[in-house]
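Quick notes on the structure that follows.
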Amino acid sequence: MPNIENIKKYKNIHMIGIGGVSMSGIAAILSNWGFTVTGSDRSSSVNTDKLISMGIKVVIGHDLADIASSDVVIYTAAIKQDDPEILEAKRLNIPTIERADFLGELTRCFKDTICISGTHGKTTTTSMVSEILLAANMDPTISVGGILNSIGGNTRVGGNKYFVAEACEYTNSFLSFNPTMNIILNVKEDHLDFFKDIDDIRHSFKLFTEKLPSDGTLIINTDIDNYEYFYQDTDCEVITFGSDPAKSMYSASDITYDELGRCTYSLLINGEKADTITLGVPGLHNVYNSLAAVAAARKLSVDMEHIKAGLSNFKGTNRRFEKKGTFNGVTVIDDYAHHPDEIRATLSSAAHYPHNRVWVVFQPHTYSRTKLLFNEFADALSHADKVVLAKIYAARETDTLGISSADLCEKIKSLGKECVYIDNFEDIEKYLLKNCINGDLLITMGAGDVYQIGEDLLK
């Protein structure tokens with residue numbers, strides 16, 4: 001049992017937005033530790049159903065009686081301060097804590113907290129580290145931002161020593177954590193509805209590094225511009241990985257692909273071949289994600305056989321180049337990519353996957369991201385053979401920026417790529433049924449609900 005001294009005063013915990021990926025994971029951990037957990041959400045989901053099956057009371061809508069019986073209320077960043085349950089907690093003088101801050105309190109309960117950060121690759125690398133520690137029987141507690149089949153969800157409650165957690169930079173959430181090891185995979189422009197610019201983002205990651213204690217460890221990608229900036233004011237241990245063996249402790253050479261685009265490579269440590277690694281997931285980008293996982297595992301004294309087994313066992317998480325099935329001989333892949341770099345990585349994986357033509361149905365995520373990275377999106381999507389654009393998924397935003405998928409469609413066509421914009425899923429599905437042929441690869445792509453198109457086609 002982890003040391004819960006810092007949170008044991010909260011015997012009864014209520015969670016607003018309990019169905020979220022991170023919130024549902026926290027709820028499962030707390031319930032397993034013996035806390036009484038209740039929660040609410042605006043709609044039911046797989047996550048809320050799972051929590052209910054564990055004996056956790058979940059209300060769709062509001063039940064203010066749950067507030068009155070709680071010692072603390074935890075809420076997600078999406079919950080406004082005029083939410084009825086927040087107002088009731090304030091009326092009753094019950095403390096309220098934002099999700100990231102409470103997750104930070106959880107990280108203090110473990111001896112070793114390994115936090116995986118970066119603009120992209122967090123879920124995959126968190127899963128890789130988790131699979132390695134599971135293969136080594138190290139009994140980790142895990143909080144990951146996707147469904148990992150080997151643990152039957154997004155959370156695993158383990159022992160008191162190792163906590164492996166995905167750490168997101170949005171709204172500076174990761175600055176609430178108390179890590180002993182940080183991984184920084186990459187630092188790119190994103191979440192520009194919160195951050196001012198790339199310098200603001202880099203400063204946030206620097207502050208994240210400075211959360212490490214003097215005996216902590218930073219694992220960082222040397223392909224990041226001026227990567228030394230992030231640790232120049234710290235005295236933690238620094239371990240590097242990246243594409244250049246001359247400046248990276250961990251790097252790769254002799255990379256080959258199998259028939260499904262999965263890589264085998266020579267692991268180089270300080271420029272010398274140390275072993276051969278075979279991955280269970282496709283894509284060159286996953287070679288570099290795996291280097292970070294190898295570096296973390298070796299620092300935690302995991303032997304190479306368990307590292308290799310864990311990486312081979314990892315077959316991916318949901319919505320990360322996930323094969324959903326086939327219809328009329330067309331293979332359907334679903335992918336969460338919603339940033340130009342992620343789109344390029346996914347299409348690079350597709351190039352090594354069996355296909356006739358590569359179709360992408362892309363649903364841009366948020367108006368601000370689409371506007372600020374407009375040209376980059378057009379360039380990245382132009383690497384597909386055929387592009388279909390859905391309406392922008394608004395998420396937390398409203399349409400005030402004068403940008404649409406129709407604009408992006410015109411830009412892609414100006415680059416010489418065939419592209420159509422269709423404003424509803426039903427007509428997109430009809431278009432694909434008419435135009436996709438046997439042997440094509442269809443990728444539904446985006447962080448919204450675009451996956452429903454592939455699922456409908458498979459029905």
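Predicted model only: the values in this text are computed from it and were never measured.
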Polar contact flag, side-chain donor to acceptor under 3.5 angstrom, [X]-[Y]:
X: Ser40; Y: Glu85; result: yes
X: Glu397; Y: Ser368; result: yes
X: Asp303; Y: His306; result: yes
X: Thr400; Y: Thr398; result: no
X: Asn289; Y: Thr124; result: no
X: Asp190; Y: Thr119; result: no

TODO: Tell me whether the centres of the aromatic rings in Tyr250 and Phe241 are closer together than 6.0 Å.
DONE: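 For Tyr250 and Phe241, the ring centres are not under 6.0 Å apart.
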
- [ ] Taking the six-membered ring for Trp and the full ring for Phe, Tyr or His, determine whether the centres of Phe230 and Phe208 are under 6.0 Å apart.
- [x]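 Aromatic pair excluded; centres sit 6.0 Å or further apart.
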
With the threshold set at 4.0 Å, does a side-chain nitrogen-carboxylate oxygen contact exist between [X] and [Y]?
X: Arg357; Y: Asp440; value: yes
X: Asp423; Y: Lys391; value: no
X: Glu455; Y: Lys459; value: no
X: Arg319; Y: Asp335; value: no

Would you check if [X] and [Y] make a side-chain contact, meaning some heavy-atom pair closer than 4.5 Å?
X: Phe177; Y: Thr113; value: no
X: Asp139; Y: Tyr162; value: no
X: Val360; Y: Leu381; value: yes
X: Ile453; Y: Leu432; value: yes
X: Ile56; Y: Thr38; value: no
X: Val164; Y: Thr126; value: yes
X: Thr366; Y: Tyr393; value: no
X: Leu267; Y: Val294; value: yes

If only atom types and distance count, is the side chain of [X] paired as donor or acceptor with the main-chain N or O of [Y] below 3.5 Å?
X: Ser248; Y: Asp244; value: yes
X: Ser404; Y: Ala406; value: yes
X: Arg99; Y: Ile74; value: no
X: Thr125; Y: Lys122; value: no
X: Asp200; Y: Asp197; value: no
X: Lys417; Y: Ala384; value: yes
X: Asp223; Y: Ser243; value: yes
X: Ser24; Y: Val21; value: yes
X: Thr141; Y: Gly158; value: yes
X: Gln363; Y: Val450; value: yes

Open item on the list: When you measure from the centre of the six-membered ring of Tyr229, is the NZ or CZ of Lys206 closer than 6.0 Å and no more than 45° off the axis?
Closed with: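 Verdict for Tyr229: a cation-pi partner in Lys206.
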
Task: Sequence-distant partners of Arg320, salt bridge (charged side-chain N to carboxylate O under 4.0 Å, His left out), two or more places apart - done: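 None.
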
Open item on the list: For Asp41, give me all partners under salt bridge (charged side-chain N to carboxylate O under 4.0 Å, His left out), at least two apart in sequence or on another chain.
Closed with: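 Listed in chain order: nothing, the list is empty.
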
Open item on the list: Take a 6.0 Å sphere around CG of Asp225 and say whether it holds more than 12 heavy atoms from other residues, nucleotides or ligands.
Closed with: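 Atom CG in Asp225 is not packed in, count stays at 12 or less.
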
Open item on the list: Taking atom CD as the centre, does Glu272 end up with more than 12 heavy-atom neighbours from other residues, nucleotides or ligands that are less than 6.0 angstrom away?
Closed with: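 Counting other residues, nucleotides and ligands, CD of Glu272 stays at 12 neighbours or fewer.
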
Task: Qualifying residues under side chain to side chain donor-acceptor pair (under 3.5 Å), relative to Thr278, sequence neighbours excluded - done: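 Scan of Thr278 (side chain to side chain donor-acceptor pair (under 3.5 Å), adjacent residues dropped) gives Thr264.
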
Task: Results of side chain to side chain donor-acceptor pair (under 3.5 Å) for Asn313 - residues two or more places apart only - done: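 Side chain to side chain donor-acceptor pair (under 3.5 Å) check on Asn313 returns nothing, list empty.
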
Rounded distance (nearest 0.5 Å) linking atom [atom1] of [X] with atom [atom2] of [Y]:
X: Glu169; Y: Arg202; atom1: CD; atom2: CZ; answer: 13.5 Å
X: Ile151; Y: Ile142; atom1: CD1; atom2: CD1; answer: 4.5 Å
X: Thr331; Y: Trp359; atom1: OG1; atom2: CH2; answer: 14.5 Å
X: Glu98; Y: Leu103; atom1: CD; atom2: CG; answer: 9.5 Å
X: Glu342; Y: Asn186; atom1: CD; atom2: CG; answer: 8.5 Å
X: Thr217; Y: Asp112; atom1: OG1; atom2: CG; answer: 9.0 Å

Which heavy atom in [X] sits nearest to a heavy atom in [Y], and how many Å separate them?
X: Ala309; Y: Ala135; answer: CB-CB, 4.4 Å
X: Leu389; Y: Ile428; answer: O-CD1, 4.4 Å
X: Leu260; Y: Asp258; answer: N-OD1, 2.9 Å

- [ ] Walk me through it: do Glu131 and Ser150 pass the test side-chain hydrogen bond (donor to acceptor under 3.5 Å, both in side chains)?
- [x] CA-CA 8 Å; Glu131 290 283 10; Ser150 61; 2.7 Å; yes

Which residues satisfy the side-chain contact (heavy atoms from CB on, under 4.5 Å) test with [X], sequence neighbours excluded?
X: Pro282; result: Arg262, Phe321
X: Ser45; result: Asn47, Thr48
X: Asn270; result: Met249
X: Lys413; result: Cys409, Glu410, Cys419

What residue pairs, at least two apart or across chains, pass ring-ring contact (aromatic ring centres under 6.0 Å, His included) with a residue in [range]?
range: residues 323-347; value: His120-His339, Tyr336-His338, His338-His365
range: residues 396-435; value: none
range: residues 255-293; value: Tyr257-His352

Task: Test applied, ring-ring contact (aromatic ring centres under 6.0 Å, His included); reference residue, Phe205; option that passes from Tyr227, Tyr231, Phe195, Phe174 - done: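 The residue from Tyr227, Tyr231, Phe195, Phe174 that satisfies ring-ring contact (aromatic ring centres under 6.0 Å, His included) with Phe205 turns out to be Phe174.
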
- [ ] With sequence neighbours excluded, give me every side chain to side chain donor-acceptor pair (under 3.5 Å) pair touching residues 376-386.
- [x]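 Residue pairs passing side chain to side chain donor-acceptor pair (under 3.5 Å), neighbours aside: Arg344-Asp379, Lys386-Glu418.
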
